[in-house]
Amino acid sequence: MNAVTVTEGTGRVILALPHAGTAMPPAMRENLTLLGRQMPDTDWHVDRLYEGLLPSATIVRANFSRYVIDPNRPPDGVSLYPGQNSTELVPNTTFDGTPIWNSVPGSKDISHRLQTYHAPYHRALHDQIERVRHIHGGAVVYDCHSIRSEVPFLFEGRLPDLNIGDNRGTSCSPELTEAVAAECQKAPHYTHVVNGRFRGGWTTRHYGNPDAGVHAIQMELSQRCYLDSESPPFDYSEPRAEALRTVLKSILRAVEETAKSIL
């Protein structure tokens with residue numbers, strides 16, 4: 001299994017997809033509970049949702065399940081949201097707090113997963129950022145995510161449809177955040193928020209360095225916007241997805257145009 005797939009583009013924008021994968025070694029899968037094998041916390045079909053929306057973009061996609069290891073968590077496992085419920089570097093539970101392993105992975109196993117999956121993903125992402133910087137003088141990392149719209153273990157009520165995160169204004173220029181939010185505002189049938197429950201994971205926080213010409217922004221989509229059901233089998237809804245793709249295409253075009261002015 002290749003840990004990561006890279007599609008090199010010619011533009012300034014890099015689409016990072018850390019949670020769309022479902023692959024894992026057979027022995028690891030056998031250690032999952034029945035619920036764990038359903039992988040309910042996958043960013044289902046996000047790669048399909050963004051496919052072709054920005055042809056010039058570079059794409060860095062993790063092929064492994066986030067249950068193998070979460071590439072959007074820091075390698076030292078420190079919580080991104082202290083004091084709030086979250087899942088670990090190697091998750092022990094679903095987003096609902098239900099155990100996913102028959103035998104919880106130990107420190108040696110976690111170390112192996114860091115080297116085999118987490119590190120290669122971030123090497124690939126780092127290398128693409130450097131390649132794009134060399135061509136354009138800078139880069140924009142647009143981190144693509146989705147999540148079930150109601151997860152009481154993580155947040156109260158129903159999540160907004162479009163959740164923009166720039167780590168409270170530190171991971172990218174205000175112009176980029178404003179451009180993304182403005183496109184969301186043009187689609188009033190979708191709700192949106194900036195730096196709500198999800199203000200950006202480790203990818204956004206680690207790579208976002210506007211002073212060095214690297215701008216990072218996260219988009220967390222509510223899965224009700226493009227799935228037939230937010231439970232197994234998590235089927236893709238063509239009508240819902242096409243409506244959302246129209247908005248996402250406008251957002252990515254705005255990201256691309258803004259990148260030309262800030263890099």
Side-chain angles (χ1 to χ4, degrees), residues 13-20 41-54 57 59 61 66 72 80-81 84 86 95 140-152 154-205 207-208 215-230 234 236-259:
V13 180
I14 300 168
L15 304 183
L17 290 89
H19 295 150
D41 304 318
T42 301
D43 292 8
W44 291 103
H45 310 295
V46 162
D47 48 348
R48 180 178 177 183
L49 191 64
Y50 279 95
E51 185 177 7
L53 294 185
L54 188 63
I59 302 171
R61 181 190 189 275
R66 71 185 301 158
N72 203 34
L80 295 171
Y81 297 96
Q84 295 178 280
S86 187
F95 287 162
V140 171
V141 178
Y142 179 99
D143 207 27
C144 308
H145 294 265
S146 77
I147 191 171
R148 286 175 284 140
S149 59
E150 296 186 31
V151 187
L154 298 184
F155 50 83
E156 293 183 3
R158 198 165 92 158
L159 195 69
D161 299 320
L162 310 171
N163 299 266
I164 306 161
D166 65 5
N167 197 28
R168 295 175 177 165
T170 63
S171 68
C172 68
S173 73
E175 292 88 349
L176 184 61
T177 303
E178 289 164 8
V180 173
E183 293 304 316
C184 295
Q185 189 68 41
K186 293 175 186 177
H189 46 294
Y190 294 108
T191 56
H192 74 279
V193 68
V194 177
N195 294 316
R197 173 60 178 86
F198 300 103
R199 66 175 190 267
W202 193 65
T203 300
T204 304
R205 303 183 199 191
Y207 293 104
H215 300 257
I217 191 166
Q218 176 174 301
M219 177 63 78
E220 186 90 50
L221 303 171
S222 176
Q223 290 178 348
R224 69 172 176 268
C225 296
Y226 71 96
L227 295 184
D228 274 328
S229 173
E230 297 180 71
F234 303 102
Y236 191 82
S237 168
E238 288 284 358
R240 293 179 186 177
E242 283 308 307
L244 181 58
R245 276 170 56 83
T246 299
V247 177
L248 294 176
K249 187 172 185 176
S250 296
I251 289 171
L252 290 181
R253 284 179 174 174
V255 169
E256 184 178 45
E257 287 305 307
T258 305

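With rounding to the nearest 0.5 Å, the separation of CD1 in Ile217 from CG in Asn167 is 11.5 Å. Note that the SG atom of Cys225 and the CG atom of Leu244 stand 5.5 Å from one another [nearest 0.5 Å]. Here Glu183 contributes atom CD and Lys249 contributes atom NZ; the two are 13.0 Å apart, rounded to the nearest 0.5 Å. For the atom pair CG of Leu252 and OH of Tyr50, the computed distance is 6.5 Å after rounding to the nearest 0.5 Å. In this structure, the separation between NE2 on His192 and CD1 on Ile164 is 5.5 Å, given to the nearest 0.5 Å. From Arg240, atom CZ reaches atom CG of Leu49 across 13.0 Å, with rounding to the nearest 0.5 Å.
Nearest approach of Gly169 to Asn195, heavy atoms of both residues: N-ND2, 4.0 Å. When every heavy atom of Val151 is checked against every heavy atom of Phe95, the shortest pair comes out as CG1-O, 3.2 Å. Here the closest non-hydrogen pair linking Ser222 and Pro160 is CB-O, 3.6 Å. Across all their heavy atoms, Tyr226 and Ala241 have their closest contact at CB-CA, 3.9 Å. Of all non-hydrogen atoms in Leu227 and Tyr236, the two that sit nearest each other are CD2-CA, 4.2 Å.
Put simply, the side chain of His19 does not reach to within 4.5 Å of the side chain of Ile147, judged on heavy atoms. Tyr207 has its side chain out of reach of Asp143: every pair of non-hydrogen atoms, C-beta onward, lies at least 4.5 Å apart. Between Tyr81 and Arg197 the shortest side-chain heavy-atom distance falls below 4.5 Å. Using a 4.5 Å heavy-atom threshold, the side chains of Glu150 and Glu230 count as separate. Counting heavy atoms from C-beta outward, Asp43 and Cys144 have side chains that stay 4.5 Å or more apart. Side chains of Arg205 and Arg199 form a contact here, defined as non-hydrogen atoms less than 4.5 Å apart.
Judged by distance alone, with hydrogens and angles left aside, the side-chain atoms of Asn163 form no donor-acceptor pair with the main-chain N or O of Val193 at under 3.5 Å.
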Return a table of donor-acceptor pairs under 3.5 angstrom between the side chains of residues 174-182 and protein atoms on other chains or two or more places apart.
unit_1: Glu175; atom_1: OE1; unit_2: Ser173; atom_2: OG; d: 3.3
unit_1: Thr177; atom_1: OG1; unit_2: Asp166; atom_2: OD2; d: 2.6

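Judged purely by distance below 3.5 Å, without hydrogens or angles, the side chains of Gln218 and Thr203 never pair a donor atom with an acceptor atom.
Between Phe234 and Trp44, the two ring planes are parallel [angle under 30°; tilted spans 30° to 60°].
Ionic pairing of Arg253 and Glu256 is not present here: no N-O contact between side-chain nitrogen and carboxylate oxygen is shorter than 4.0 angstrom. Ionic pairing of Arg48 and Glu51 is not present here: no N-O contact between side-chain nitrogen and carboxylate oxygen is shorter than 4.0 angstrom.
More than 12 non-hydrogen atoms from other residues, nucleotides or ligands lie less than 6.0 angstrom from CD of Gln84.
Of the candidates Leu221, Val46, Asn72, Leu17, His145 forms a side chain to side chain contact (heavy atoms under 4.5 Å, CB included) with just one, namely Asn72.
Asp47 meets the salt bridge (charged side-chain N to carboxylate O under 4.0 Å, His left out) test with Arg61; sequence neighbours excluded.
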| task | Decide salt bridge (charged side-chain N to carboxylate O under 4.0 Å, His left out) for Asp161 and Arg224; before the verdict, give the C-alpha distance in whole Å, the side-chain angles of both, and the deciding distance to 0.1 Å. | result | CA-CA 8 Å; Asp161 299 320; Arg224 69 172 176 268; 2.6 Å; yes
